[in-house]
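Lettering of chains follows the sequences in order, A, B, ..., and the numbering in each one begins at 1. The figures that follow rest on heavy atoms only: side chains count, while hydrogens, waters and symmetry mates do not.
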Amino acid sequence: MKFSNTLIYWYLQNNRTLPWRKTKNPYFIWLSEIMLQQTRVAQGLSYYLKFTSTFPTVFDLAKADESTVLKMWQGLGYYSRARNLHFSSKQIVNEFKGEFPSTYKEIIKLKGIGDYTASAIASICFNEPTAVVDGNVYRVLSRYFGIKTPINSSQGIKEFKALAQSLIDNTQPGTFNQAIMDFGALHCKPQNPLCETCPLSDSCVALEKKLIKELPVKEKKIKVRKRYFNFLVVKTDDDKTILSERKGKGIWQGLYQFPLIETDRNINKDELISSEEFINSFPNKTSISLFNEKEIIHKLSHQHLHTHFWIVEIKSFAEATVNWNTINTFPVPVLIANFLEKLNFKSN
DNA sequence: TAGACGTGGCT
DNA sequence: TAGCCAAGTCT
């Protein structure tokens, strides 16, 4: 009781003014919650504004092409969020007449919505007392109560959810949920938390036992795989190139890229043009030059992509169907977008 | 269920 | 710098 009252009091004085805090429209709250998954407010804010002005209702979003949605999502990462968002918008329009489901139990059935997001929407929009547990909540609770259970273990997930649920203010669950998250983001920060001015400092276990830096506990570290990418950037005399959509599982599903030859190490020009993949894909009369002498290492959470862009000039090539002046309409990974910007800069 | 899934900021 | 972290979800 004291815990939640203190947090709510802190929140009323310190909360950030954010556009999605001015509404309880579940469509807008949904958009903001999906965008902010594993994403900082500073990074997601401009995307939220762009989406809500381009797609003011769920009907507008449902009407759009997936490729348009992905283009607008470009640069935010975790692109399955955009695909699931679009998929669910169509379901809401077609099956629910555009009306957003109003209970945790129904909300969590939507693609792309898990325990956290269902709890957030149900509590903020429909006043249902379901506790959110995001990275902030894990940190605040593990420190305040001195809990050492790893937050990414199945035991920890259960334990922290139950604890948060026991602490929620049933009369204003949405405010409580946002309060504990904002408190974690602004005050009980991962590094250098503001313990000196903390309204909970007199009863914080981690502060008393000097465990602030040890909590929360997280087990297992991720392995990073190295990959070697050679993108073949075709340029024909009539200003065309080749782009193809990434399909199936793996990174960047639904985004576009130049023809790609992946190798198990960096390779030179001779190795490239004598490779089977290259011979099978391109005609003889080509002029090839390496765009970036130094490899570009694009870092994803689980992969480091050692990348070379090769400029492949061909007089004419039937496979090249994309006009250069339309290239910026395709959704592409940041790695490709950065290349296009450099290319444009060089030629201007 | 552990691993995959993006990008960018901070130390 | 290399690693951690950020309003998680899916398979």
Taking the nucleotide of DNA chain B with the nearest heavy atom to each, does A:K249 or A:N338 sit closer to the 5' end?
A:K249
In terms of the nearest nucleotide of DNA chain B, which residue is placed more toward the 5' end: A:S154 or A:G77?
A:S154
Students often get this wrong, so: under 4.0 angstrom with heavy atoms, is [X] touching a base, only sugar-phosphate, or nothing?
X      : result
A:G44  : nothing
A:W20  : base
A:R227 : nothing
A:N177 : nothing
A:Q191 : nothing
A:A185 : sugar-phosphate
A:G184 : nothing

Less than 4.0 angstrom from a charged side-chain N to a carboxylate O is my criterion; do [X] and [Y] meet it?
X      : Y      : answer
A:K2   : A:D202 : yes
A:E245 : A:K247 : yes
A:K105 : A:E128 : no

Between [N] atom [atom2] and [X] atom [atom1], what is the distance in whole Å?
X      : N     : atom1 : atom2 : value
A:L85  : C:dG8 : CG    : P     : 16 Å
A:Q43  : C:dG8 : CD    : P     : 13 Å
A:H304 : C:dC4 : NE2   : C1'   : 13 Å
A:I180 : C:dA7 : CD1   : P     : 12 Å
A:L36  : C:dG8 : CG    : P     : 8 Å
A:L76  : C:dA7 : CG    : P     : 15 Å
A:W73  : C:dT9 : CH2   : C1'   : 12 Å
A:K213 : C:dC4 : NZ    : P     : 16 Å

Going by distance alone, is a donor N or O of one side chain under 3.5 Å from an acceptor N or O of the other, for A:Q37 and A:R81?
no
Using atom [atom1] in both nucleotides, what's the gap between [N] and [M] to the nearest angstrom?
N     : M     : atom1 : result
C:dA6 : B:dT1 : C1'   : 23 Å
B:dG6 : C:dA2 : P     : 23 Å
B:dA2 : C:dA7 : C1'   : 23 Å

Between A:I108 and A:R16, which has a closest nucleotide on DNA chain C that is more 5'?
A:R16
Centroid separation under 6.0 Å, is that true for the rings of A:Y48 and A:W20?
yes
Please confirm whether A:F145 and A:F3 have ring centers closer than 6.0 angstrom.
yes
Is A:Q37 near enough to C:dG8 that one of its side-chain N or O atoms lies under 4.0 angstrom from OP1 or OP2?
no
If only side-chain N and O atoms of A:T117 are considered, is one of them under 4.0 Å from the OP1 or OP2 phosphate oxygen of C:dT9?
yes
Result for side-chain contact (heavy atoms from CB on, under 4.5 Å) between A:F183 and one of A:N14, A:V140, A:V137 points to A:V140
With a 4.0 angstrom cut-off to heavy atoms of chain A, pull out the first and last contacting nucleotide of DNA chain B, in 5'-to-3' order.
B:dA2 to B:dG8
Begin with the C-alpha distance, continue with both residues' side-chain angles, and end with the deciding distance and a verdict on side-chain hydrogen bond (donor to acceptor under 3.5 Å, both in side chains) for A:E295 and A:Y228.
CA-CA 9 Å; A:E295 64 176 353; A:Y228 299 86; over 6 Å; no
Nearest 0.5 Å, what's the CH2-OG1 distance between A:W10 and A:T197?
10.0 Å
In this structure, CH2 of A:W73 is separated from CZ of A:F51 (nearest 0.5 Å) by 5.5 Å
Within residues 295-303 of chain A: residues closer than 4.0 Å to DNA chain C (heavy atoms)
none
Six-ring centre of A:F339, A:K342 cation under 6.0 angstrom, axis tolerance 45°:
no
